[in-house]
Amino acid sequence: MPLDRDLLKREILPIPDRPYVGPVMYNAQDPASHFPPIEPIRPPSKAPNVLLILLDDVGFGAAEPFGGVITTPTATRLAKDGLRFTRFHTTALCSPTRAALMTGRNPHSVGMGCITELYTGAPGYTSMIPNTAASIAKILRYNGYSTAHFGKCHEVPVWETGPSGPFDHWPIYMGFEKFYGFVAGETNQFYPTLYDGTTYIETPHHGDYHLTTDLANQTIKWIEQQKAMAPDKPFFIYFAPGATHAPHQIPDEWLDRYKDNKDFAKGWDELRETICKNQRSLGVIPEDAEAAVNEDVPKWDDEMFADMRGPLRREMELYASFLQQTDEEVGRVIDTLENLDLMDNTLIIYILGDNGASAEGTFMGTFNEMIGFNGIQMDQEKIIQDNIDKFGTKEAYNHYAIGWAQAMCTPYKWTKQVASFFGGTRNGMIVHWPGHIGKDDRGDRGLRHQFTYVIDVLPTILEAAGLPEPLSVDGVLQMPIEGTSFLRTFKEQNAPEFRTTQYFEMFGNRGIYHEGWTAVTLHSKPWDWQSNSNYEKDTWELYYTYGWPSPDGKKSPHKVDWTQAKNLADEEPERLAQLKNLFEITAARYNVFPLNDEKTERLEQSPPPVGAKQRYVDGSFVSDPCVINNFNRSFKITAEITPGEKANGVILARGNDFGGFALYAKDGKLTYVYNYLGLERYYAQAAEELTHTGFPWVVRMEFTYTGDETGQGGTVKFIRESGESGDYNLGLATKPDIGEDPLDKTKMPGHIDKTNPIIFNVDAFLMVGKKTGGPLCPDFAGSGDNRFTGKVHWAEIELTGEPAMVSPEHKLHALEAIQ
């Protein structure tokens with residue numbers, strides 16, 4: 001029997017090195033000079049590969065295995081030989097779910113009570129996952145796994161997304177040896193802002209590029225290489241593509257996959273009935289369950305949609321294509337596992353959504369999310385009707401209407417953001433692990449109805465791998481894992497319910513689950529603009545959602561209400577009071593207090609760059625949250641450049657094809673473009689050319705904001721700094737030489753009519769010397785065509801005026817963009 005000193009100390013990570021204990025001979029040639037071979041760290045012999053898949057903004061009723069009418073062949077294939085968990089729950093919002101999934105702790109316990117952009121100094125809302133809560137990736141990596149993350153990571157504090165770091169909360173430092181993805185709440189599917197590790201990478205601009213396909217390709221390549229180089233080493237892959245979060249953009253061949261779909265033609269109310277019928281038939285809800293009604297969502301036959309039903313159907317058709325395309329890209333990863341004979345020893349956990357479907361697309365849907373996110377009131381109906389043929393393509397940044405989101409959350413009411421109701425928190429989960437799942441000989445159809453929460457995934461993976469919960473990681477004592485393994489349910493359909501109590505909270509929406517009962521209160525709707533600090537006036541509701549075994553063997557007098565359709569608050573006031581008290585106790589334990597429903601106010605707290613000036617060098621790439629805030633105020637761009645023979649190309653650019661600005665050279669002349677929401681573009685151009693002298697020039701664009709409130713525009717002036725002789729005004733061209741631009745709305749030389757009030761895009765960035773990603777204007781189209789033909793030595797933005805007043809409505813819509 002080995003001594004304790006010879007055993008791996010897996011509770012301490014990294015595992016301490018074991019010094020050699022034994023005799024050492026003088027001469028290595030001595031027969032007695034013998035040392036044990038060097039052995040790499042590996043997990044226990046039967047530890048499986050783990051593939052953890054997390055889709056984005058998919059409601060419970062969207063995919064086939066849970067009653068949806070959208071074809072999802074991969075999810076269906078895995079469910080056929082695996083398990084479907086019908087009462088799996090998330091947090092109702094992106095960042096909190098992902099932090100809880102990675103750490104096995106409640107979101108407020110690890111500082112992620114909301115999205116990273118809405119941080120505060122309160123312990124539950126810092127957006128900084130503490131080093132006392134090591135991620136599943138780090139635990140597995142230190143135990144001998146290869147680890148990789150492909151896709152979305154929305155757990156990096158916004159002030160750490162810049163090129164100077166720190167990078168402590170990036171995936172590559174949180175335990176992933178490989179990261180290929182993006183660190184915002186969403187990204188353009190055709191022009192994504194991607195990183196390899198912490199390095200920005202240019203994505204190809206050829207016509208058939210699509211992010212979800214790229215992520216699947218990268219994952220497949222990594223699996224093949226990993227198994228070729230280290231076949232004995234298990235892997236942990238976190239595949240989180242960011243789909244089906246808006247924008248709902250898909251490859252051309254997918255655009256008409258659901259065209260004229262009969263289920264969508266009937267509207268979202270009948271679609272809910274169809275899905276609910278499917279769900280009863282599949283057994284994912286009881287046969288007597290009724291769909292909960294949300295009176296806040298307009299009916300399909302409402303007069304407000306009289307002229308919009310065709311475009312509204314198109315919005316849903318494209319979302320359906322997006323979900324199926326995403327599922328089929330997941331399928332290519334699964335096919336790789338099968339081709340390499342890895343399926344039998346791979347635990348696959350497929351989570352269909354990090355929260356409920358998104359109701360952030362307005363009641364009509366939108367052609368470009370940035371219109372609503374900037375709080376701009378436009379004729380949305382006309383914009384949608386005029387541009388509906390562009391929806392789904394790289395020419396649109398579209399999202400569907402709230403009614404479709406509610407339908408995707410069938411049979412539950414409410415959606416993403418609303419943590420108090422199952423529509424916001426209940427997501428389908430599929431588990432597949434051949435040889436470790438009970439046979440379907442009892443007619444259970446692979447269904448598991450135990451109440452599960454996102455924090456339960458980490459301990460389940462550890463138990464499957466035969467690994468203990470670590471006590472210390474990187475020399476830091478760890479807080480206890482708050483999740484509970486549900487591995488036992490793999491073989492036991494009727495295993496006892498292991499999670500008896502769970503709290504929920506988001507923007508003041510609160511809920512508590514305890515032994516089959518749920519007490520909930522709606523405090524903030526997804527489209528609420530103003531905060532409301534009077535929590536005492538919130539109305540609590542009570543539901544008996546699961547038949548919990550009574551200690552005395554007595555049955556409950558109430559019928560099980562699976563969908564939170566019948567409020568029992570008036571019938572059971574004492575029980576409601578007890579559950580409300582239990583919420584208070586639980587919330588205090590896990591850092592939920594102080595309750596905070598602020599949206600616009602917290603948005604302002606993102607730390608701005610220090611000072612009124614920021615300088616960049618050629619090749620700089622700076623994520624938008626780390627760029628100096630020059631929205632709706634006077635500022636200037638100054639740059640030292642050495643023009644080429646005929647100066648062309650980008651000097652400094654911020655934003656992309658759906659909003660932004662740039663200072664560049666066009667046929668030797670300084671040019672400034674402002675892209676307003678992808679709907680209008682304004683140009684100004686210097687009258688005089690930048691002559692080629694072989695010596696550096698210092699040039700300047702001065703923008704003078706002329707409005708009193710946000711979005712009202714200003715004027716442009718071009719200057720060449722001439723040292724002791726003073727500045728020289730380069731003048732303005734009467735008509736800018738911009739070529740063909742169908743969106744050109746220039747009314748007068750040097751005047752920018754409109755400016756974005758709050759935001760250009762969720763994943764916008766600033767670049768110097770070249771602009772990649774979505775083109776701001778036709779002059780930037782193509783990859784590599786817009787590099788400055790001379791040299792940009794440096795460029796800087798300096799604030800020269802106070803910001804215009806921003807309305808609360810504008811601020812609120814901006815925060816919607818980053819969820």
Side-chain angles (χ1 to χ4, degrees), residues 51-72 74-76 78-79 83-102 107 115 151-155 185-186 212 215 238-246 248 272 275 279 284-285 316 319-320 322-330 348-361 399-400 402 404-419 421-431 451-457 504 506 526 819:
L51 173 59
L52 177 59
I53 306 161
L54 179 66
L55 301 192
D56 203 326
D57 285 6
V58 180
F60 182 85
E64 270 184 309
F66 294 92
V69 299
I70 302 173
T71 302
T72 50
T74 306
T76 301
L78 294 174
L83 302 174
R84 285 171 294 165
F85 285 77
T86 64
R87 295 170 72 226
F88 176 79
H89 297 82
T90 54
T91 70
L93 207 56
C94 166
S95 302
T97 290
R98 294 164 193 270
L101 179 66
M102 287 293 100
I115 53 174
K152 173 176 173 177
C153 173
H154 197 193
E155 302 98 81
E186 68 183 49
T212 310
L215 293 173
Y238 179 32
F239 186 77
T244 54
H245 195 294
H248 301 159
R272 276 177 62 82
I275 295 172
Q279 291 170 332
V284 296
I285 66 173
M316 185 60 207
Y319 175 81
F322 195 18
L323 179 55
Q324 182 176 344
Q325 183 245 349
T326 301
D327 179 79
E328 292 195 12
E329 294 297 345
V330 172
I348 300 173
I349 301 176
Y350 191 174
I351 303 173
L352 293 156
D354 55 354
N355 40 242
S358 170
E360 294 151 2
H399 199 323
Y400 60 13
I402 287 170
W404 296 123
Q406 184 62 88
M408 294 301 94
C409 295
T410 303
Y412 309 108
K413 63 181 174 181
W414 289 108
T415 59
K416 176 182 178 181
Q417 293 192 32
V418 184
F421 287 87
F422 291 157
T425 64
R426 186 163 284 184
N427 289 90
M429 180 175 69
I430 298 168
V431 172
F451 190 100
T452 12
Y453 188 55
V454 63
I455 62 175
D456 300 325
V457 172
F504 297 89
M506 192 62 60
Q819 295 179 26

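Worth knowing before you read on, the calculation uses all heavy atoms, side chains too, and leaves out hydrogens, waters and symmetry mates. None of these values were measured; they are calculated from a predicted model.
- Using modelled atom types, no side-chain atom of D57 and backbone atom of D354 make a donor-acceptor pair closer than 3.5 Å.
- Considering CD of Q325 and OG1 of T71, their distance stands at 14.0 Å, rounded to 0.5 Å.
- For Y453 and F504, the ring centers are positioned less than 6.0 Å apart.
- Here CD1 of I115 is found 12.0 Å from CZ of R98. Values are rounded to the nearest 0.5 Å.
- Using a 4.5 Å heavy-atom cutoff, the side chains of H154 and E186 are not in contact.
- Nearest heavy-atom pair, A62 versus L323, reported as atom, atom and distance to 0.1 Å: CB-CD2, 3.9 Å.
- Residues Y412 and F60 have side chains in contact (heavy-atom distance under 4.5 Å, counting atoms from C-beta outward).
- Pairs of residues two or more places apart, or lying in two chains, never qualify as salt bridge (charged side-chain N to carboxylate O under 4.0 Å, His left out) while including a residue from residues 60-70.
- Under the 3.5 Å distance criterion, the side-chain polar atoms of T72 are left unmatched by any main-chain donor or acceptor of D327.
- Between V58 and I351, every side-chain heavy-atom pair lies at or beyond the 4.5 Å cut-off.
- Between P526 and T415, some side-chain heavy-atom pair lies under the 4.5 Å cut-off.
- R272 has its side chain out of reach of P411: every pair of non-hydrogen atoms, C-beta onward, lies at least 4.5 Å apart.
- For the pair Q406 (side chain) and W414 (backbone), a donor-acceptor distance under 3.5 Å is present.
- Annotation: side chain of F66 is in contact with side chain of L352 (closest heavy-atom distance under 4.5 Å).
- Every residue was checked against the ring-ring contact (aromatic ring centres under 6.0 Å, His included) condition with F88, not counting sequence neighbours, and none meets it.
- Distance check: N427 CG to T452 OG1 gives 11.0 Å after rounding to the nearest 0.5 Å.
- Atom CD of Q417 sits about 12.0 Å away from atom SG of C94, to the nearest 0.5 Å.
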Where do F239 and L54 land on the side chain to side chain contact (heavy atoms under 4.5 Å, CB included) test, with the steps shown first? CA-CA 6 Å; F239 186 77; L54 179 66; over 6 Å; no

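- By the salt bridge (charged side-chain N to carboxylate O under 4.0 Å, His left out) test, R84 pairs with no residue at all, sequence neighbours left out.
- Here the straight-line distance linking atom OH of Y238 with atom CD1 of I53 works out to 11.5 Å at 0.5 Å rounding.
- Residues passing the side-chain hydrogen bond (donor to acceptor under 3.5 Å, both in side chains) test with T91, sequence neighbours excluded: T97.
- Take A357 and apply the side-chain contact (heavy atoms from CB on, under 4.5 Å) test, not counting sequence neighbours, and it matches Y400, A405, M408, C409.
- Under a 3.5 Å cut-off, the side chain of T244 and the backbone N or O of D56 do form a donor-acceptor pair.
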Can you check side chain to side chain contact (heavy atoms under 4.5 Å, CB included) on K416 and L93, steps first, answer last? CA-CA 6 Å; K416 176 182 178 181; L93 207 56; 3.7 Å; yes

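- When all heavy atoms are compared, the tightest approach of A100 to V454 is CB-CG1, 3.6 Å.
- Not a single donor-acceptor pair under 3.5 Å links the side chain of K413 to the backbone N or O of F421.
- The shortest distance between side-chain heavy atoms of M316 and I70 falls below 4.5 Å.
- The shortest heavy-atom contact between A243 and T326 is CB-OG1, 3.2 Å.
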Carefully, step by step, assess H245 and S358 under the rule side-chain hydrogen bond (donor to acceptor under 3.5 Å, both in side chains). CA-CA 8 Å; H245 195 294; S358 170; over 6 Å; no

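- With a 4.5 Å cut-off on side-chain heavy atoms, Y350 and L55 count as touching.
- With hydrogens and angles disregarded, a donor-acceptor distance shorter than 3.5 Å links the side chain of Q279 to the backbone of T410.
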Where do L83 and I430 land on the side chain to side chain contact (heavy atoms under 4.5 Å, CB included) test, with the steps shown first? CA-CA 5 Å; L83 302 174; I430 298 168; over 6 Å; no

Assess the residue pair L78 and I348 against the criterion (side chain to side chain contact (heavy atoms under 4.5 Å, CB included)); give the C-alpha distance rounded to whole Å, side-chain angles, the decisive distance to 0.1 Å, and a yes or no. CA-CA 9 Å; L78 294 174; I348 300 173; 4.1 Å; yes

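- In this structure E155 satisfies the salt bridge (charged side-chain N to carboxylate O under 4.0 Å, His left out) test with no other residue, sequence neighbours excluded.
- Taking the six-membered ring where the residue is Trp, F451 and H89 present parallel rings, their angle staying beneath 30° rather than reaching 60°.
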